[in-house]
Amino acid sequence: MSNLDEYGGGQGPNTQVLVVTTNDVPGFRIDHVIGEVFGLTVRSRHVGSQIGASLKSLVGGELKGMTKTLVQSRNEAMERLIAQTQARGGNAVLMMRFDVSEAGADVGTEVCAYGTAAVISPLV
C-alpha cells in the first residue's frame with residue numbers, strides 16, 4: 001500500500017478529543033460521563049464503481065474503489081462523532097464502535113460511529 005490514508009483511518013496526532021474502544025483510558029480518570037454520541041453518514045454507490053465491482057467479482061480480488069469509499073465514510077462518521085463530543089463539552093469518546101448497514105435496497109451504505117462522550121483528565 002502506497003498511501004495509508006486511502007485504505008485506513010483513525011485519529012490524527014493533533015486531535016483534541018481522544019477516541020478509544022476501551023471502557024477506560026490508562027493514566028486518565030473519568031471526571032464526567034456526558035452520554036452517547038454518534039456520527040452518521042450515508043453514501044450512495046456510483047454506477048461506475050458498481051459496474052467495476054461486478055466485473056471484479058467475477059475473477060475475485062479486492063474491490064479497491066469500494067474499499068476507499070468505505071474508508072472515506074468511516075472517517076467522515078468519525079469526524080462527526082468528534083464534533084458531537086466537542087459540542088457537548090467532552091474531550092474523550094469511550095467504547096467507540098462502528099456500525100455499517102445497507103440504507104435501503106441498493107440506495108447506499110450507512111456508516112455510524114458511536115460511543116460514550118466523557119470528560120477525562122490525566123492522573124497526577
Side-chain angles (χ1 to χ4, degrees):
M1 267 182 244
S2 61
N3 187 350
L4 292 176
D5 290 335
E6 289 185 29
Y7 297 102
Q11 287 188 280
N14 298 324
T15 185
Q16 295 180 6
V17 175
L18 179 63
V19 179
V20 297
T21 59
T22 55
N23 295 339
D24 52 13
V25 182
F28 289 81
R29 74 173 164 264
I30 299 170
D31 297 322
H32 177 65
V33 173
I34 296 169
E36 181 193 6
V37 288
F38 67 91
L40 181 68
T41 186
V42 178
R43 295 268 177 130
S44 65
R45 294 184 196 95
H46 114 8
V47 108
S49 70
Q50 282 187 302
I51 292 170
S54 297
L55 294 173
K56 183 73 171 181
S57 68
L58 294 174
V59 295
E62 181 182 9
L63 306 174
K64 290 185 180 185
M66 294 183 90
T67 299
K68 287 180 186 180
T69 299
L70 187 54
V71 166
Q72 290 168 350
S73 298
R74 282 179 164 229
N75 288 340
E76 186 171 58
M78 182 82 124
E79 288 169 9
R80 291 176 178 175
L81 170 77
I82 290 169
Q84 281 290 316
T85 301
Q86 288 178 312
R88 295 181 67 190
N91 66 352
V93 178
L94 309 174
M95 300 176 291
M96 192 283 292
R97 302 287 187 266
F98 283 110
D99 184 49
V100 180
S101 61
E102 292 297 314
D106 294 327
V107 172
T109 302
E110 172 191 318
V111 177
C112 182
Y114 63 96
T116 303
V119 175
I120 63 172
S121 60
L123 294 173
V124 187

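What you see below is based on every heavy atom in this structure, not just the backbone, and it leaves out hydrogens, waters and symmetry mates.
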Sequence neighbours excluded, which residues qualify as side chain to side chain donor-acceptor pair (under 3.5 Å) partners of Asp24?
->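 Here no residue qualifies.
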For Thr116, what residues pass the side chain to side chain donor-acceptor pair (under 3.5 Å) criterion, not counting sequence neighbours?
->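 For Thr116 there are no side chain to side chain donor-acceptor pair (under 3.5 Å) partners, ignoring immediate neighbours.
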Side-chain donor-acceptor contacts of residues 89-98 below 3.5 Å, not counting sequence neighbours, with atom names and distances?
unit_1 : atom_1 : unit_2 : atom_2 : d
Asn91  : OD1    : Ile120 : N      : 2.8
Asn91  : ND2    : Ile120 : O      : 2.9
Arg97  : NH1    : Thr21  : O      : 3.0

Results of side chain to side chain contact (heavy atoms under 4.5 Å, CB included) for Gln86 - residues two or more places apart only | Gln16, Val17, Ile82
Could you list the donor-acceptor pairs under 3.5 angstrom formed between side-chain atoms of residues 31-39 and any protein atom two or more places apart in sequence or on another chain?
unit_1 : atom_1 : unit_2 : atom_2 : d
Asp31  : OD1    : Arg29  : NE     : 2.9
Asp31  : OD1    : Ser121 : OG     : 3.3
Asp31  : OD2    : Ser121 : OG     : 2.7

Give me the one residue out of Asn75, Leu40, Asp99, Thr41 that meets side-chain contact (heavy atoms from CB on, under 4.5 Å) with Val111.
->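 The single option meeting the side-chain contact (heavy atoms from CB on, under 4.5 Å) with Val111 is Thr41.
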Taking every heavy atom of Ala113 against every heavy atom of Leu81, the minimum-distance pair comes out as O-CD1, 3.7 Å
Those residues that, when tested against Glu110, pass salt bridge (Lys or Arg N to Asp or Glu O under 4.0 Å) (two or more places apart) |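 Per chain and number, Glu110 pairs via salt bridge (Lys or Arg N to Asp or Glu O under 4.0 Å) with no residue.
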Under a single-linkage definition using a 4.5 Å side-chain heavy-atom cutoff for Ile, Leu, Val, Met, Phe, Trp and Tyr, are Leu70 and Met78 assigned to the same hydrophobic cluster?
-> yes
Gap separating the CZ atom of Arg43 from the CD atom of Glu76, nearest 0.5 angstrom = 4.5 Å
